[in-house]
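Report on one structure; see the data block that follows.
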Amino acid sequence: MASAVDVVQQIGDTAGVFAFAVSGALLAVRKDFDVFGIAVLAAATALGGGIVRDLIIGRIPPDAFTDLDYLYVSLLAAALVALWRPPRETGRWYRRTRRLRLTRWLDIADAIGLGLFCVFGTRTAYEHGLGAPSAALLGLVTAVGGGVIRDLLAQRTPMILRHDTDLYALPALFGSVVTAILLHENWYRGWTALPAAAVAIVFRLLALRYHWRAPRARGSLPR
Amino acid sequence: MASAVDVVQQIGDTAGVFAFAVSGALLAVRKDFDVFGIAVLAAATALGGGIVRDLIIGRIPPDAFTDLDYLYVSLLAAALVALWRPPRETGRWYRRTRRLRLTRWLDIADAIGLGLFCVFGTRTAYEHGLGAPSAALLGLVTAVGGGVIRDLLAQRTPMILRHDTDLYALPALFGSVVTAILLHENWYRGWTALPAAAVAIVFRLLALRYHWRAPRARGSLPR
Amino acid sequence: MASAVDVVQQIGDTAGVFAFAVSGALLAVRKDFDVFGIAVLAAATALGGGIVRDLIIGRIPPDAFTDLDYLYVSLLAAALVALWRPPRETGRWYRRTRRLRLTRWLDIADAIGLGLFCVFGTRTAYEHGLGAPSAALLGLVTAVGGGVIRDLLAQRTPMILRHDTDLYALPALFGSVVTAILLHENWYRGWTALPAAAVAIVFRLLALRYHWRAPRARGSLPR
């Protein structure tokens with residue numbers, strides 16, 4: 001049974017790494033970085049959250065440095081993004097729709113990574129002896145940490161902080177808490193991981209679709 | 001005796017966490033972040049320095065992830081800042097004084113966190129077996145680390161680096177060195193922690209009041 | 001024999017720390033930071049890569065916090081840079097050449113640090129039981145980590161990501177891989193470290209001289 005859980009986690013982790021790496025690589029292309037910049041941003045986005053989690057829970061060296069397969073998956077994603085040439089057309093209208101579609105792809109890739117990482121991050125922390133609330137917190141760190149590192153490296157304000165972006169941290173927190181409850185109640189199995197991740201992914205995609213946003217402070221301060 | 005030291009440290013740590021969390025939350029409101037941004041910036045400012053210190057001295061998982069009370073204190077501070085509505089008035093003059101007052105609150109909150117964290121950070125590192133000079137260095141890291149993380153997340157140049165800000169690192173270094181000497185000479189008691197913190201806090205507030213600033217390099221370089 | 005290796009590594013590490021600290025301090029002067037900013041940027045550039053490597057391989061506390069000599073070397077470099085006054089002349093042409101020369105000094109200091117750190121970083125990771133590919137990866141992290149931290153603190157896009165900078169990560173990767181092969185084949189001696197570092201340094205300097213740059217992605221995306 002544990003083995004089935006591990007197989008699901010390995011496949012899910014790989015998919016999450018790939019999705020986040022694509023999101024990092026796409027931002028690097030947008031920022032006009034070179035191929036090393038694309039590779040670094042892909043790897044940092046995909047592996048950063050897990051590395052921070054591993055340092056915190058004491059899994060040292062972090063998985064990403066002992067099992068280089070995750071690094072290779074993110075470099076593969078970086079290479080695909082770097083080599084991919086978007087269909088060239090002319091006209092303002094075309095460029096406008098292309099922009100929309102690319103943004104959407106990046107968002108979907110990111111949502112999948114988010115959902116998978118909050119679940120598997122929570123489970124990894126729980127397996128290393130942290131309590132359920134701490135494990136949920138670390139699931140959140142795993143899920144959003146890579147994106148924060150990506151944004152800092154690319155010198156933009158981290159997406160999770162800004163008020164003009166759709167809900168991002170809340171879906172991850174939701175998925176982490178659901179997973180922590182499953183683990184705490186001993187209901188966590190290989191297959192229960194997937195609906196937990198799906199809940200977070202769907203929540204995030206709905207937030208994107210309907211532009212659900214978090215409120216700001218009641219008062220405002222001068223800049 | 002040790003127990004009294006621990007009680008003082010716990011109260012002091014809690015006050016420092018609250019003060020730093022307020023400083024992070026106020027910056028987040030200024031930057032117009034949403035409630036998650038306010039919560040993240042509050043927690044990162046309040047807990048960031050201690051987490052870095054714990055990773056370095058090998059207290060893994062860091063205290064902030066095993067004892068979630070500090071997280072809850074910083075989330076409480078974030079909630080208070082987010083819900084607080086400054087008195088609304090009109091007129092340029094009013095806005096001008098309000099701006100001054102808010103800046104001052106943020107600075108005072110920050111100074112209190114700075115003074116408490118340099119003392120307790122030094123003590124924690126010393127208790128974990130580091131020598132007195134290393135412990136003082138880690139006290140400095142504990143005190144200024146959260147602020148650096150806050151500024152990087154909010155995409156502004158860290159306050160401790162800029163020449164147009166009043167002395168910040170020096171008061172923390174002073175408090176850390178005083179604490180390291182107290183520890184090394186075996187003079188550190190629960191009550192000696194408070195004057196050591198007070199020295200750093202007063203030093204910082206005087207630097208703010210009289211705009212004491214650090215010199216720059218003798219020569220200048222083209223940007 | 002091992003002792004000779006260690007002596008070479010200690011001298012090389014010290015030279016690398018000094019070179020990187022100069023590079024960090026020069027950027028701080030350019031950014032008009034105060035003396036604390038110069039000291040922090042020098043130390044973060046010089047020690048940051050090694051600290052990250054040590055946290056990852058589990059050498060806790062990191063060397064930089066137990067053996068403060070490296071910190072003192074970087075503070076000495078910071079003091080020299082802060083006290084140094086470039087010869088003052090007038091005229092646009094003079095300023096132009098001065099700018100070129102200062103940029104070159106910074107680049108040479110940085111190249112030396114890069115070459116030494118990729119070799120000694122790889123060796124340190126290998127000695128801590130990581131496999132040769134992981135050790136090479138950590139050599140790369142050691143070499144480029146300090147520069148990334150320097151750039152993030154100074155609020156500029158990390159040099160290794162940008163397409164308009166000469167090859168930086170590739171020389172470090174090359175030096176790391178050569179070192180990992182030497183270690184894996186048991187050919188690593190005290191004196192073999194120096195040609196490995198020299199290869200990376202010369203590669204980097206040639207990249208600077210002839211403006212070798214990495215390609216960008218085939219397609220471009222809207223910002």
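Numbers restart at 1 for each chain; the letters A, B, ... are given by sequence-line order, proteins then strands. All figures in this text were calculated on a predicted structure; none of them were measured in a lab.
At a 4.5 Å heavy-atom cutoff, the contact between Leu130(A) and chain B is made by side-chain atoms alone. Interface remark: Arg156(A) contributes backbone atoms only to the contact with chain B (heavy atom separation under 4.5 Å). The part of Leu55(B) that comes within reach of chain A is its side chain, from C-beta onward, which places non-hydrogen atoms under 4.5 angstrom from that chain. Both the backbone and the side chain of Ile56(A) come within contact range of chain B, each with at least one heavy atom under 4.5 Å from a heavy atom of that chain. Neither the backbone nor the side chain of Leu173(A) comes within less than 4.5 Å of any heavy atom of chain B.
Counting heavy atoms from C-beta on, the side chains of Asp34(A) and Ile38(A) never come closer than 4.5 Å. For the pair Ile112(B) and Phe20(B), the minimum side-chain heavy-atom distance is 4.5 Å or more.
Each of Ala169(A), Ala217(A), Gly58(A) has some count of heavy-atom pairs under 4.5 Å with chain B, and the biggest count is that of Ala217(A). Put simply, of Thr66(B), Leu68(B), Ile51(B), the one with the most heavy-atom pairs under 4.5 Å next to chain A is Leu68(B). Interface check for chain B: of the options Val141(A), Asp151(A), Thr165(A), Leu137(A), the most heavy-atom pairs under 4.5 Å are formed by Leu137(A).
Between Val144(B) and Ala172(B) the shortest heavy-atom distance is CG1-CB, 4.3 Å.
Expressed to the nearest 0.5 Å, how far CD1 of Ile60(A) lies from CG of Asp54(A) amounts to 8.5 Å.
Asp166(A) and Tyr210(A) form no side-chain donor-acceptor contact under 3.5 Å, judged by distance and modelled atom types alone.
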Would you be so kind as to tabulate the donor-acceptor pairs closer than 3.5 Å made by side chains of residues 40-49 of chain A, with sequence neighbours excluded?
unit_1	atom_1	unit_2	atom_2	d
Thr45(A)	OG1	Leu41(A)	O	2.5

